[in-house]
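Data block below; observations after.
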Amino acid sequence: MGADSLTVVPDATLLAQTDPVAYPLYIDPSVSLDDGRERTALRDDGVTFWNWDNGSDDFGKGMGKCGSWSGYYCGPGYAQRLYFEFSPKKLAGKEILAARFRVTEPWAFQCDPRNVWLVRVAGEITPSTTWGNKPAYADLMGDRSVSAGRGSACDPDKPPAPIEFSDSPDEPDEKPRPAGGA
């Protein structure tokens, strides 16, 4: 086998499925953050969290507006954004037909779903990135209306939920994919 070849050996159980809803099958590689060094949380009050981790509660960092709601106190009223940077060298020489961004929402401050955007930015994040010099928005990649971890009874003990974003060419506020499906 040469340097230009790849061998993929799928799980035999995966291929043995007979339920038609299990098909088509996709075997896609994952691209993830490098050692957690490529993320930052920025707040409009000047606070930054470079290279944050999920903490002892495994909740990580939140995003959106933080203040008081229905007797709960989150903070003095600030907005926070999360930035993730992926190394393009992992994708060198690859043709990307579609991509998904998956993140887990362990808890939502409010019970009612809120619109969350996944935005591609123009520029990099570094330890010196702040709210005042954050990268500009380049493209809305997807949006979801979510409120996970609370349940219909607004119970914070409900389990976290995976949230998945993918660019939708059918939505007028998202850029259409170029001809050829890329």
Nearest non-hydrogen partners of P135 and A122, listed with the distance: CB-O, 3.6 Å
Contact check, side chains of W52 and R39, non-hydrogen atoms, under 4.5 Å: yes
Flag, side chain of T48 to backbone of T130, donor-acceptor distance under 3.5 Å: no
Separation between CZ of R100 and CE of M141, rounded to the nearest 0.5 Å: 13.0 Å
Atom pair OG1/CD of T126 and E38 - distance to nearest 0.5 Å: 12.0 Å
Pairwise side-chain contact, R102 with E164, heavy-atom cut-off 4.5 Å (strictly under): yes
L118 side, atom CG; L82 side, atom CG - distance, nearest 0.5 Å: 11.0 Å
From CH2 (W50) to CG (L42), nearest 0.5 Å: 9.5 Å
NZ or CZ of R43 within 45° of W131 ring axis and under 6.0 Å: no
Cluster check Y78, Y83: I/L/V/M/F/W/Y, side chain < 4.5 angstrom: no
Test ring pair (Phe, Tyr, Trp, His ring centres under 6.0 Å) applied to F101 - qualifying residues, sequence neighbours left out: F84
Sidechain-backbone polar pair: D143 side chain, S145 backbone, donor-acceptor under 3.5 Å: no
Separation of D44 CG from K134 NZ (nearest 0.5 Å): 8.0 Å
All side-chain contact (heavy atoms from CB on, under 4.5 Å) counterparts of V146, not counting sequence neighbours: E105, V116, R144, I163
Taking every non-hydrogen atom, the tightest pair across D45 and V47: OD1-N, 3.3 Å
Which atom of F165 lies closest to which atom of V103, heavy atoms considered: CE1-CG1, 4.3 Å
